[in-house]
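Working notes for the structure below.
Below, chain A is the first sequence line, B the second, and so on; all start at residue 1.
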2 protein chains.
Amino acid sequence: MQFTKAEEYGMLGVLYLSEKKLGSITPLSEIAEAKGIPEKFLAKIFQSLSRATIVRSHRGVRGGFSLAKDPKEISVKEVLESIHGPYHLIKCTNNTEICDKSNFCSLRELLSIAERKLVQIFEDHTLADLVKWQKNKMIAI
Amino acid sequence: MQFTKAEEYGMLGVLYLSEKKLGSITPLSEIAEAKGIPEKFLAKIFQSLSRATIVRSHRGVRGGFSLAKDPKEISVKEVLESIHGPYHLIKCTNNTEICDKSNFCSLRELLSIAERKLVQIFEDHTLADLVKWQKNKMIAI
DNA sequence: GCTGCTATGCAGTTTACAAAAGCAGAAGAA
DNA sequence: TTCTTCTGCTTTTGTAAACTGCATAGCAGC
């Protein structure tokens, strides 16, 4: 049970954009190099983010990506779910058909609770929050 | 970010034992068949559980596995961690060397928070709790 | 002490999916 | 028109999960 690289890269990407002036356009190559991410892989991730209107794409010379809205308005949950779909700790959490052995499974119940807690945390934090943490910590050091 | 089959099977296995009389011995074949789990795979998982003294093994005719302690004394966290080691949502959560790009990473910070919440839930629930849920629900239906 | 049953331990194989790379093409700016 | 950047596929690679097999060891009953 771990985060995937796609999720990690996606988050690093939007965090990178969040630190820039709102609306400014940054090419993928810059993000990829700055964060040490394979550019083509990042491109694929940003396509998902673009479809979810978290970022906006701009083609052509001096093109790239910009945040589609204020970092304050973008939750971590939004970013993660646009990359990998809704979170589920276990496949049958929402799909009862997969595990039809019993009409009630206490394990599924526990995982649902855990899942809700987890999603709640991701929902409660925005990109702006993370950027703020980063800045505060940097000053402290 | 999902549970592995090993974790799922392991939990189902110990839950199966938890429903039996404390100390009674059940062969793997019975558990495997009852829960629809590949027997050899389950055997491997139970070896881990045995080493962690969550279950006790008994060889020979009428042998099998029994819980090593009362279900009330076994937390879900114990079971899960004995199967897959300590939980980490991201590789660098505890290993700073892996991600040396910055001395502070807000993403890591957030995941640490999430991780602690998750572990807390698993620590707070015992096998006895889950069995109780199961029974109550069954009665309700 | 032989036989059958069950776990043990290690060495495999297979499968699935994440991660990454590649390429032709479209859209846009200069 | 040309260069740049994203777009939308396809394909490859790498790795870990999931599963299998076999020889061995321990135990019980006869």
Side-chain angles (χ1 to χ4, degrees), chain A residues 1-14 17 24-33 35-68 80 82-85 87-91 98, chain B residues 1-14 17 24-68 80 82-85 88-91 98:
Chain A
M1 203 186 66
Q2 275 212 322
F3 263 65
T4 62
K5 285 283 174 194
E7 291 165 321
E8 185 183 334
Y9 292 164
M11 279 299 300
L12 290 176
V14 292
L17 290 181
S24 72
I25 296 170
T26 311
L28 271 185
S29 54
E30 181 185 327
I31 307 175
E33 199 190 2
K35 296 291 178 179
I37 300 171
E39 191 174 332
K40 279 302 291 180
F41 193 18
L42 191 60
K44 206 176 134 196
I45 297 164
F46 265 66
Q47 274 179 47
S48 306
L49 296 173
S50 181
R51 283 194 207 98
T53 59
I54 288 170
V55 298
R56 195 187 315 280
S57 76
H58 309 266
R59 301 213 237 193
V61 181
R62 301 277 306 153
F65 288 91
S66 60
L67 282 186
L80 295 180
S82 70
I83 293 172
H84 263 179
Y87 258 92
H88 291 298
L89 292 179
I90 202 169
K91 292 212 172 63
I98 291 173
Chain B
M1 204 184 64
Q2 273 211 322
F3 263 66
T4 62
K5 286 283 174 193
E7 290 165 322
E8 185 183 334
Y9 292 163
M11 279 299 301
L12 291 176
V14 292
L17 290 181
S24 72
I25 297 170
T26 310
L28 272 184
S29 55
E30 182 185 326
I31 306 175
E33 200 191 0
K35 296 291 179 180
I37 301 169
E39 191 175 332
K40 279 301 291 179
F41 192 20
L42 191 60
K44 206 175 134 194
I45 298 164
F46 264 67
Q47 275 179 47
S48 306
L49 296 174
S50 181
R51 281 193 210 97
T53 60
I54 288 171
V55 298
R56 195 188 314 282
S57 76
H58 309 265
R59 300 213 234 193
V61 181
R62 303 277 308 153
F65 288 91
S66 60
L67 282 186
L80 295 179
S82 70
I83 294 171
H84 263 179
H88 291 298
L89 293 179
I90 200 169
K91 291 212 173 63
I98 292 174

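Residue A/Gln47 places no side-chain N or O under 4.0 Å from the OP1 or OP2 atom of D/dC6. For A/Tyr9, no side-chain nitrogen or oxygen approaches OP1 or OP2 of C/dA19 to under 4.0 Å. Distances shown here put a side-chain N or O of B/Ser57 below 4.0 Å from the OP1 or OP2 atom of C/dT8.
Among the atoms of the strands shown, none is found under 4.0 Å from any heavy atom of A/Phe46.
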N/O donor-acceptor pairs under 3.5 Å from side chains in residues 56-67 of chain B, not counting sequence neighbours:
unit_1	atom_1	unit_2	atom_2	d
B/His58	NE2	B/Ser66	OG	2.9

Short heteroatom pairs, N/O only, protein and nucleotides 1-3 of chain C, under 3.5 Å:
none

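When each of D/dC6, D/dC19, C/dA7 is scored by its nearest atom to the side-chain atoms of A/Phe65, the top-ranked nucleotide is D/dC6.
Qualifying side chain to side chain contact (heavy atoms under 4.5 Å, CB included) partners for B/Thr53, counting only residues two or more places apart in sequence or in other chains: none. Listed by chain and residue number, A/Arg51 satisfy the side chain to side chain contact (heavy atoms under 4.5 Å, CB included) test with A/Gln47 (two or more places apart in sequence, or in another chain). Applying the side chain to side chain contact (heavy atoms under 4.5 Å, CB included) rule to B/Ala52 yields the partners B/Ile54, B/Ser82; only residues at least two apart in sequence or on another chain are considered. Qualifying side-chain hydrogen bond (donor to acceptor under 3.5 Å, both in side chains) partners for B/Glu30, counting only residues two or more places apart in sequence or in other chains: B/Tyr16, B/Lys20.
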Exercise for the section: Classify every nucleotide of nucleotides 22-30 of chain D by which part a protein heavy atom approaches to under 4.0 Å, writing B for the base, S for the sugar-phosphate alone and - for neither, in 5'-to-3' order. Expected result: B--BBBS--

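Comparing A/Arg51 and A/Arg62 by the nucleotide of DNA chain D whose heavy atom lies nearest to each, the residue mapping closer to the 5' end is A/Arg62.
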